[in-house]
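Order of the sequence lines sets the chain letters (A, B, ...), proteins ahead of strands, with each chain counted from 1. All of these numbers come straight from a predicted model, not from anything done at the bench.
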Amino acid sequence: MNDQQYEATVYTEGPLLVIAGAGSGKTRVLTHRIAYLIEEEGVNPYNIMAITFTNKAAKEMRERVDRIVGYGAESVWVMTFHSTCVRILRRYIDRVGYDNNFTIYDTDDSKSTMKAVFKKLQIDNKQLKEATVLREISRAKDELMSPDDYESANAADFSKRRIATCYREYQDMLRKNNALDFDDIIRLTVYLFKACPEVLESYQDRFKYIMVDEYQDTNTAQFTMVKLLADKYKNICVVGDDDQSIYKFRGANIMNILNFENVYSGAKVIKLEQNYRSTQNILDAANAVISNNKGRKNKALWTARKDEERVHFRSFDSGKEEAEAICDEIARMNRKGEYGYKDVAILYRTNAQSREFEERFVHDNVPYKLVGGVNFYSRKEIKDILAYLKTLDNGVDDLQVKRIINVPKRGIGDTTINKIQVYADEKDMSFYNACLAAEEVPGLARAASKVKNFTDMIETYKARLAEHTIYDVTKQIIEDTGYIEEIRGEDDEIKAEERVENIDELLSKIKDYEEENPESTLAGFLEEVALVSDIDSVSDDESRVLMMTIHSAKGLEFPVVYISGMEDGVFPGYLTINTGSDEDMEEERRLAYVAITRAKDRLTLSYAKSRMVRGETQYNPVSRFVKEIPDELLDGELPKVRNFFDDYDEDSSPSRFMKEKPFGNSFDDGFIPRKVSFGSKPKTTKSVMTQQEALSKLNAMPKGMPSGGTKPDYEVGDRVRHHKFGEGVVKDITPGSKDYQVTVDFDEFGQKIMYAAFAKLQKV
DNA sequence: CACAGGTCTCTTTTT
DNA sequence: GAGACCTGTG
């Protein structure tokens with residue numbers, strides 16, 4: 001252990017902030033700290049709590065603590081934020097108006113609920129999107145705002161007032177269904193602590209020593225929860241790295257770590273700056289990229305690992321070739337015995353990028369595992385079966401009942417469901433209870449007996465559950481309902497088999513759960529299932545290449561890392577480039593930093609000139625993050641490309657290319673050309689240019705060209721007018737390779753980045 | 001009520 | 001390109 005690690009381990013009393021750079025051994029510090037508390041300071045393990053974000057991190061820490069602490073390790077709480085809060089709520093949530101056997105909604109369930117809200121409030125989902133409202137509600141919950149808080153904070157904004165109404169209705173429905181969404185889990189814990197001081201105090205007294213991992217990713221609700229818990233003894237140790245904060249979109253507030261010393265006066269700060277993971281070149285590259293961000297905690301990572309190998313940069317003509325080449329190279333390394341499959345990870349910005357890799361790997365028979373994407377538990381067939389189980393467990397959850405009442409098909413259609421719902425609303429009962437009374441529902445006619453058959457079935461299973469295992473009952477449900485036959489009937493064979501396999505996997509997960517937990521209950525199983533993520537199940541002893549998003553890769557390390565799709569428009573994403581703020585771009589850069597620092601020995605950045613995105617071909621320049629890495633750290637050449645603007649001459653008539661506008665994108669409005677679509681649909685104007693020509697025009701700007709162009713006659717802060725976007729304020733002017741890049745915040749269209757020569761902005 | 005076929009929207013990132 | 005959503009027909 002180095003000096004700083006040791007210091008952080010033994011500094012046990014009072015608030016402590018450990019700024020732990022990537023690969024600096026923070027888990028080591030946390031686990032040893034727990035051991036030190038128990039063994040050297042005689043702290044009761046029962047009084048110690050360690051909170052992480054993912055189950056995987058919790059599991060890893062748990063194992064390491066178990067290994068180094070002789071006695072009592074099992075009574076230390078090592079859990080995720082969510083499971084910690086669920087455990088507390090299971091015990092006390094009845095004090096704030098819910099039932100203790102609440103169910104947990106995933107994003108899918110939330111979306112269905114919101115759909116029902118829209119229907120009830122008669123909101124046209126063309127005007128307002130469910131996803132938008134849910135995102136807004138989620139942010140509000142992260143900030144601990146109730147519907148009332150949200151409404152009064154946005155009283156002046158018409159559309160936000162509508163969102164407030166949705167929020168209120170959504171929350172009502174959740175409560176009626178006795179359900180919590182992910183954000184409620186944290187938010188209601190805080191609420192409970194505030195509403196019931198005696199509950200809070202009992203936990204304060206229990207958790208005298210609190211440790212929080214990945215502190216930079218906490219949102220306001222999580223921050224508050226931890227703060228409340230630690231308020232009595234203030235023995236709180238948080239570990240994090242502001243440069244690795246990548247969850248702002250989920251409400252994470254980087255200020256929680258940047259302001260720690262202000263919130264906890266007298267806090268001790270220790271920095272871990274020695275990196276034990278990567279080679280010097282990889283680290284230098286990471287440092288070079290991240291140094292472009294402002295407002296960081298000062299920190300300089302160093303390593304004792306000297307190495308000659310540079311960071312590799314490779315460019316390809318298409319995403320397909322990129323996948324081929326990387327797959328071939330991995331197979332070659334494996335053949336030569338340089339690196340095995342399990343040493344390699346492929347990282348990308350968005351899940352959609354995994355497809356080409358997956359196809360190639362299947363084709364070449366290279367073993368791989370895809371992490372993330374569609375979560376196992378969100379697959380349709382799994383959700384269906386789980387909906388049966390949830391109905392058995394918590395009969396008041398309308399959503400689950402409606403999901404399965406006609407799956408597999410039993411001839412109960414929308415009309416019937418609506419009639420039952422109307423009846424339920426009138427009598428103020430749950431949907432399932434209305435089903436039980438189907439004979440009384442007016443206008444059902446023949447459908448009533450079908451509904452009766454359904455409820456009889458559910459009641460039978462409920463009864464069976466008392467004497468049989470969950471596994472047996474689930475198996476029974478699958479057989480009785482003919483679910484497998486249904487799948488085989490409606491899908492093509494390959495898809496159907498996949499789904500049948502998924503169901504088998506679910507069954508074996510149930511079996512595992514029952515074997516591991518002697519006290520197993522259906523509720524317990526459902527809870528476990530609700531809080532797992534894909535990354536949790538990744539083990540490192542299988543021989544396969546891992547493919548995942550950079551977000552999923554946080555906290556992991558691999559000898560060999562490929563970061564694919566290093567293109568402006570992919571990474572950083574086009575949304576960030578076009579409409580994002582500076583902070584958004586900084587978050588993307590932190591993401592690049594996280595990605596680079598996953599690599600121990602060998603790092604390859606790859607670029608594809610063209611790429612299929614959402615069914616259309618894009619041509620993007622090399623990612624700015626690649627350009628931020630000094631040449632001497634890189635090998636491989638940046639692609640030989642010409643500047644798009646080279647041929648543009650203001651005097652002569654615009655080139656053929658500009659005039660024809662064959663691709664439906666107008667370049668003359670001043671935007672940085674971002675993508676060109678050669679879509680399959682025939683366009684009215686026939687293209688007079690080959691793809692090759694277009695390519696050479698559209699490629700990225702070469703690195704390090706002298707800046708030129710005439711300086712615009714407006715400055716930052718001036719108001720300007722654009723022929724299309726109207727008026728706005730100039731936010732930023734940066735000299736580019738040939739022209740000035742101007743950022744303007746338009747009154748009506750928001751922030752845009754454009755080239756001065758094209759934008760023809762007029763000072764007003 | 002079920003199903004086939006067409007249209008529209010979408011993408012960052014996830015506990 | 002996929003999945004959700006809509007619409008018309010039997």
For A/Gly411, answer base if it contacts any base atom (sugar-phosphate contacts may also be present), sugar-phosphate if it contacts only those atoms, and nothing otherwise; contact means non-hydrogen atoms under 4.0 Å. sugar-phosphate
Indicate, with a heavy-atom threshold strictly under 4.0 Å, whether A/Phe182 touches base, sugar-phosphate, or nothing. base
Please say whether the positively charged group of A/Lys609, taken as NZ for Lys or CZ for Arg, lies over the ring of A/Tyr619, i.e. under 6.0 angstrom from the six-membered ring centre and within 45 degrees of the axis. no
Between C/dA4, B/dT13, B/dT15, which nucleotide has the shortest distance from any of its atoms to the side chain of A/Lys115? C/dA4
A/Asp142 CG to B/dT14 C1': how many Å, rounded? 12 Å
Starting at atom CZ of A/Phe223, determine the distance to atom C1' of B/dT15, rounded to an integer number of angstrom. 20 Å
If you take all heavy atoms of A/Met225 and A/Cys85, which pair is closest and at what distance? SD-SG, 3.5 Å
Whole angstroms only, please: what is the CG-C1' distance between A/Asn418 and B/dC1? 13 Å
Atom CD1 of A/Ile246 and atom P of B/dT14 are separated, to the nearest Å, by 9 Å
Atom CD of A/Gln222 and atom C1' of B/dT15: how far apart are they, to the nearest Å? 8 Å
Under 4.0 Å, counting only non-hydrogen atoms across every strand here, what does A/Thr80 touch: a base, just sugar-phosphate, or nothing? nothing
Please state how far atom NZ in A/Lys111 lies from atom P in B/dT14, giving the value in whole angstrom units. 17 Å
Could you check how far CG of A/Asn55 sits from C1' of B/dT14, rounded to whole Å? 13 Å
From OH of A/Tyr574 over to C1' of B/dT13, roughly how many Å is that when rounded to an integer? 13 Å
Toward the 5' end of DNA chain B, by each residue's nearest nucleotide, A/Glu588 or A/Phe81: A/Glu588
Is a salt bridge present between A/Arg187 and A/Asp142, judged by a nitrogen-to-oxygen distance below 4.0 Å? no
Using a cut-off of 4.0 Å on non-hydrogen atoms, how would the nucleic acid contact of A/Asp183 be classed: base, sugar-phosphate, or nothing? nothing
Reckon A/Asn406 touches a base, only the sugar-phosphate, or nothing at all at heavy-atom distances under 4.0 Å? sugar-phosphate
If you pin A/Ile412 and A/Gly573 to their nearest nucleotides in DNA chain B, which one's is more 5'? A/Ile412
Contact class for A/Lys129 (heavy atom, under 4.0 Å): base, sugar-phosphate, or nothing? sugar-phosphate
Will you find, in the side chains of A/Asp184 and A/Gln171, an N or O donor that is under 3.5 Å from an N or O acceptor? yes
